[in-house]
Amino acid sequence: MEELLPMEPVVRQPVFIGRNKELAIYHNWLAEDQAVSTLFVVSGMGGIGKSALLAKMNHDTKEKGIYTIFLDGSVCPQTPSGFMEYLHMLIHPYQHGASIDVLIHNPLQRKIILYLDHFDEILSLHNWLINAFLPHMAAKGIGIVLATRKTVASPHIRTISLPLTHFIYEETLNYINAVSSLPPKQAHQLASKSDGFPLGLALAVDMITRSSKADLRIVSQTISAKFLREVTAVSLHPLLEVLIVMEYANQEMMAAVLQRPICLDEYRALQKLSFIDLHPYGLKLHEIARTYLKQDFQMREPSRLASLHRNCMQVLYQQLTDTSLTDRAIITSALIKMNRDTWPKNNPYLSFVSTITQVETDIIVDSDIPILHDLIEGWCSYSVDSEHIQNYHDFLDALIQLDPDSILLLRNQQKLPIGMFITVHYTTKTAPLLLHHFRSDLEACFTPEGCRQAALQADTFIPILITATENHLSYTRQELTGMLIIEQLAKLEPGKRAILVATNESLREFLRTIGFKSRPAGDPRCDTSWAKAEVLELDLRKGSFDDWIFDLVLYKQKQIPTLTIEETRKILHSMKSTIELEKYTDYFTDCSTGHAVQVKIMSILEQSDHLTDEQQEVLWNSFIRFPDNAVRAAEMCNMSRATFYRYQKKAIQQLTNILIS
């Protein structure tokens, strides 16, 4: 009842425009029979379209039947061993047990392409990747494509630099015409006034197509480092920061978060900004603007962002406890989406790189049925053994006749189904159908009496399958699937439960993260030929909805133990193992996983203003570069052992002070 999903890139625009020269160089290399292994470095300022180009390269490469691996530096572990484990995790399931050796030896002499987006996010690994990882690649057939703001080169592998520039006028006009229906004169005006910056252009076109009174003097501005130029009143900055964190906010919510009155003039001035959209419950940031501004906020003031995040969740939670059932799903969804930054990112179901805004959910119509069977066929190919495939097709046909509302569809802009979530409300009406098609699963979930009681009380939802297309250019399958899960989860009512059988460990990890409890299925009929099954259950039947939200959004206040110098030393010794770091999450209000602890410490070691250069160097050499070799670490710091240990003690003390402040 689940799918195993590779992590892949996305093209964050409905169309792909330009970059013909860069693509031609890359495609020429792909066409070579005995191509020398090559490093392609896609470089340029933030928002210039590096991620979009990598996604397009990956899309074209996969269509040629060439195997690709895609990594996102913003979610990669920050140590060599963690990086290698992450890479192995991505290779292993999809190459029939293959390991990283396929990159080192390339035994089949076929092309393999490794994409690494957001290379700047793994600054601590740059030297290791260039001087230790790349030299071990096979001599032929391996392509490495990096996206980085500042260009890099390697003496160990052939390097091709692909610096990106702004769109030229013709490309800008092509983009405008492809994604909008603006009159020629207006399209020409916008193209002429735009400097061809892709991120700003996308926002400008979106804004002007939704407003007949859009000011071209504003929307033609580039967005990189210029969002805040439009915010001329200093008093608007705190309000804007609230919208960076929250999905939406009205005047009262902003006042509650900031703990000061928000006058109507301030609220109206905020509403007039070109990157502010209307929301049924207030105002919201355009998603493109939110992504950029939040990244900047995180880099500048991570601690204040974390504090603001907690305050916003507190306000939303208070609204949730006071609201009617009608609004509960909206607020719950906002809480869940706000909190997903704290979830482990190396799980494909948790890889919410971007909010999905170009699709919509809907119910089924007759013309959808052939497409739904195609989706079923694709899902079955990697989720169940072949002898069970027909059972799912038969079940779909029967469910369409009996209870079509159980099928939630995800549609693209052309209104065609691209995703499907089947969640059956288990009642006396649907029980016979489920028992006929999935008796073994139900017997693993319930006792015979429990099965009868669940049908009579109609308090149980049973997710059967969640699937999405893998051919959507704008979003990956895991993003579409994850969005469906979150949207449905937000609609789960108090007094109900969801229960399912799952064999995919990635899905099980995701469900456990969002509050499901798991137990072995204990029935071999539920297993596949490659995995054991587990039963996962989220039970809100005993008025525990508030408790679940408490835990899910990390709102419940816990007793934070005092961090000591010795505990800080232990954390530093565990920096290469996110599993070991899980033991220390209780010391931090903004870290729920070992990976989050790792990222927090690494960010301090790399750019803290409260550590001296010597302290950073000592900690870096002690626990990152040479964790098991104090002699070598002292040499790299140009210190005697005695001096080195004295500086190390002071550095750990200072780091402890930073962490508890």
Side-chain angles (χ1 to χ4, degrees), residues 1-5 93 332 336 339-340 343-344 346-352 379-380 382-384 388 392 395 406 408 420-426 430-431 434-435 437-447 450-451 453-455 457 459-468 478 481-528 530-542 544-545 547-553 592-593:
M1 295 185 180
E2 73 291 336
E3 55 187 334
L4 186 62
L5 302 172
T332 302
I336 294 172
N339 196 54
R340 64 193 183 197
W343 295 344
N346 57 352
N347 181 302
Y349 288 90
L350 298 174
S351 180
F352 295 101
W379 179 86
C380 287
Y382 49 75
S383 299
V384 299
H388 300 301
Y392 282 88
F395 172 74
S406 297
L408 177 69
M420 171 173 57
F421 194 166
I422 299 178
T423 305
V424 179
H425 189 196
Y426 187 60
T430 59
L434 288 172
L435 285 167
H437 289 278
F438 304 112
R439 178 175 293 274
S440 59
D441 286 358
L442 293 179
E443 291 178 352
C445 294
F446 309 107
T447 63
C451 190
Q453 287 297 324
Q457 295 174 8
D459 58 6
T460 301
F461 289 91
I462 302 179
I464 301 298
L465 65 88
I466 314 151
T467 186
Q478 71 265 21
T481 303
M483 191 277 280
L484 277 169
I485 293 173
I486 293 301
E487 289 300 318
Q488 283 296 88
L489 185 64
K491 298 174 184 176
L492 190 61
E493 303 171 9
K496 305 291 185 180
R497 67 173 166 179
I499 189 168
L500 71 156
V501 174
T503 56
N504 176 9
E505 179 53 32
S506 293
L507 177 64
R508 296 197 298 241
E509 179 188 353
F510 168 67
L511 294 177
R512 287 191 290 265
T513 299
I514 59 178
F516 280 73
K517 306 299 182 183
S518 65
R519 65 178 187 272
D523 188 334
R525 294 176 300 170
C526 299
D527 300 337
T528 64
W530 60 85
K532 295 289 186 181
E534 288 186 8
V535 175
L536 292 108
E537 182 176 14
L538 178 62
D539 194 343
L540 307 180
R541 294 176 298 172
K542 298 179 181 179
S544 56
F545 183 85
D547 290 336
W548 168 61
I549 291 295
F550 259 143
D551 293 333
L552 190 61
V553 303
S592 61
T593 67

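Atoms considered below: every heavy atom in the structure, side chains included; atoms not considered: hydrogens, waters and symmetry mates.
For the salt bridge (Lys or Arg N to Asp or Glu O under 4.0 Å) with Glu537, the qualifying choice from Lys517, Arg512, Arg519, Arg508 is Arg519, the only one to do so.
Residues Tyr426 and Leu442 meet the side-chain proximity criterion, which asks for heavy atoms closer than 4.5 Å. In this structure, the side chains of Thr423 and Leu408 stay at 4.5 Å or more apart for every pair of heavy atoms. Trp379 places a side-chain heavy atom less than 4.5 Å from the side chain of Val384. Taking the side chain as every heavy atom from C-beta outward, Leu465 and Met420 approach each other to under 4.5 Å.
Note: Phe395 and His437 have perpendicular aromatic rings, judged against thresholds of 30 and 60 degrees for the angle between ring planes.
To the nearest 0.5 Å, atoms OG1 (Thr467) and CZ (Phe421) are separated by 11.5 Å. Of the inter-residue distances, the one linking Phe461 atom CZ with Leu538 atom CG reads 12.0 Å to the nearest 0.5 angstrom. Summarising the geometry, atom CD1 belonging to Ile462 is positioned 6.5 Å from atom SG belonging to Cys445; distances are rounded to the nearest 0.5 Å. Note that CG of Leu536 and CZ of Phe516 are 7.0 Å apart. Values are rounded to the nearest 0.5 Å.
Side-chain atoms of Ser440 never come within 3.5 Å of backbone atoms of Cys526 as a donor-acceptor pair (strictly under, hydrogens ignored).
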(request) Check step by step if side chain to side chain contact (heavy atoms under 4.5 Å, CB included) holds for Leu434 and Asp441. (result) CA-CA 9 Å; Leu434 288 172; Asp441 286 358; over 6 Å; no

(request) Go through the steps for Thr460 and Phe446 under the test side chain to side chain contact (heavy atoms under 4.5 Å, CB included), then give the verdict. (result) CA-CA 11 Å; Thr460 301; Phe446 309 107; 4.1 Å; yes

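Between His425 and Asp459, the shortest heavy-atom contact is NE2-N, 4.4 Å. Across all non-hydrogen atoms, the minimal contact from Pro463 to Leu500 is O-CB, 3.7 Å. For Thr503 against Ala531, the heavy-atom pair with the smallest separation is O-CB, 3.6 Å.
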